[in-house]
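Nothing here was measured: the structure is a model prediction, and the numbers come from that model. Letters A, B, ... are given to chains in the order of the sequence lines, protein chains preceding strands, and every chain is numbered from 1.
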2 protein chains.
Amino acid sequence: MAFEEERKIFSSFIRNKNLRHSEQRQQIMDVFLKTERHLSAEELYDIVREKNPSIGYATIYRTLKLLSEAGLCRELQADGRITRYEHLHNRDHHDHLVCTECGKMVEFEIPEIEALQEKIARKNGFVLKNHRWELYGLCSDCTR
Amino acid sequence: MAFEEERKIFSSFIRNKNLRHSEQRQQIMDVFLKTERHLSAEELYDIVREKNPSIGYATIYRTLKLLSEAGLCRELQADGRITRYEHLHNRDHHDHLVCTECGKMVEFEIPEIEALQEKIARKNGFVLKNHRWELYGLCSDCTR
DNA sequence: ATGATAATGATAATTATTATCATTATAAGG
DNA sequence: CCTTATAATGATAATAATTATCATTATCAT
Ligand SMILES: [Mn+2]
Ligand SMILES: [Mn+2]
Ligand SMILES: [Zn+2]
Ligand SMILES: [Zn+2]
């Protein structure tokens, strides 16, 4: 089984916080880790319930929050009001191109931008914590 | 009374769409135009109701939508799930620094970024429509 | 094995926004 | 000015995503 490193990270996170392991958390993490997409809570819920139909919505949200705190997951507000979740472990920071028609998300990475952002923040007296940079448009499939 | 140009734009927008003028729309537009802030619908509602306590929430939302369609207003998802609205007429495009503690928003403008974004979009087969670039951190008031 | 307490799932609550609909206001034409 | 078609309004219900509540169950240190 893959994702040994992630499993270990989550496990020590749980232990350090005096939380407990559970079957449901394992199942949710497994599905999250093996799915290479920008998942919504609902999408994750649907996939997890194929294996364990008794799992509750709240547990999905609770586990996603834990995964985020553990540094394995990144929440992102794609566009409207729904939150999507993606892998964070061992990944370089990246931003997103989003198709407003079909929802396709393409990742991109511009290292120079990081320094620029720091400069802008400093100039305005801010201590930068994070950022969001999203480009919206039509993907090649949706332009014709 | 100021904002003659904006008034004219809104007026022709209304006419061209075969809509009608109303006292409420005027009042809402007036407050919106004279308020130099990134307003939420609720904040706008509260201010407008000081002048006209009988105005309804739905009319605030409806009018903000019209102002946006007319090109006078820009909707922005500051951070969480609430939409904020700002002036758009005769303004250069800008992005925002947001204090995660007190909500303060500082505007900034980096002309070079526009070309860069076009390049990124084109490289990925996208036709760019708009973008969102937000830097989150602590403002100078909130760092100590 | 036991007991303290964390986790779960069902469901209610919350929040921002949109839809519905009966009533009122606008404005074009006579 | 009056009439009339219909757009606009305000109250309120509905929606959608997420979070809170709480009785029941599961975990794990002892
Ligand atoms: Mn991504
Ligand atoms: Mn602004
Ligand atoms: Zn597309
Ligand atoms: Zn601040």
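The side chain of B:S22 contributes no N or O atom lying less than 4.0 Å from OP1 or OP2 of D:dA8. The phosphate of C:dA16 (OP1 or OP2) has no side-chain N or O of B:S40 nearer than 4.0 angstrom. Applying the 4.0 Å criterion to OP1 and OP2 of D:dT19, one finds that A:Y61 has every side-chain N and O outside that range. Taking 4.0 angstrom as the limit, A:Q24 places none of its side-chain polar atoms (N or O) nearer than this to OP1 or OP2 of C:dA7.
As rounded to whole Å, 15 Å separates atom C1' of D:dA29 from atom CG of A:L19. Atom CD1 in A:I82 sits roughly 19 Å away from atom P in D:dT15 (whole-Å rounding). Rounded to whole Å, the distance from CD on B:Q26 to P on C:dA25 is 17 Å. In this entry the distance linking CZ of B:R62 with P of C:dT18 reads 11 Å, nearest Å. Rounding to whole angstrom units, NZ of residue B:K17 and C1' of D:dA8 are separated by 15 Å. Atom OH in B:Y57 sits roughly 14 Å away from atom C1' in D:dA11 (whole-Å rounding). Straight-line distance from the NZ atom of B:K65 to the C1' atom of C:dT17: 8 Å, rounded to whole Å. Separating the CG atom of A:N18 from the C1' atom of C:dT5 is a distance of 11 Å, rounded to the nearest angstrom.
Under the 3.5 Å distance criterion, the side-chain polar atoms of A:R74 are left unmatched by any main-chain donor or acceptor of A:L88. Not a single donor-acceptor pair under 3.5 Å links the side chain of B:R25 to the backbone N or O of B:T63.
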Report the C-alpha separation of A:E6 and A:H89 in whole Å, then their side-chain angles, then the decisive distance to 0.1 Å, and conclude whether the side chain to side chain donor-acceptor pair (under 3.5 Å) test is met. CA-CA 7 Å; A:E6 287 91 335; A:H89 181 61; 4.6 Å; no

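Comparing C:dT8, D:dA20, D:dT18 against the side chain of A:R25 picks out C:dT8 as the nearest. With C:dG9, D:dG10, C:dA7 as the candidates, the nucleotide lying closest to the side chain of B:S54 is D:dG10. When each of D:dT18, D:dA8, C:dT17 is scored by its nearest atom to the side-chain atoms of B:A41, the top-ranked nucleotide is C:dT17.
Comment: A:R7 engages A:D30 in a salt bridge, judged by a side-chain N to carboxylate O separation of less than 4.0 angstrom.
Across all strands shown, the partner of D:dT4 is C:dA27, judged by Watson-Crick or G-U wobble contacts whose two distances both fall under 3.5 Å. Of all nucleotides present, only C:dA4 satisfies the Watson-Crick or G-U wobble test against D:dT27, with each distance under 3.5 Å.
At a cut-off of 3.5 angstrom, the base of C:dT5 holds at least one donor-acceptor pair with the side chain of A:R20.
Aromatic ring orientation, B:H96 versus B:H94: perpendicular (interplanar angle above 60°, classes split at 30° and 60°).
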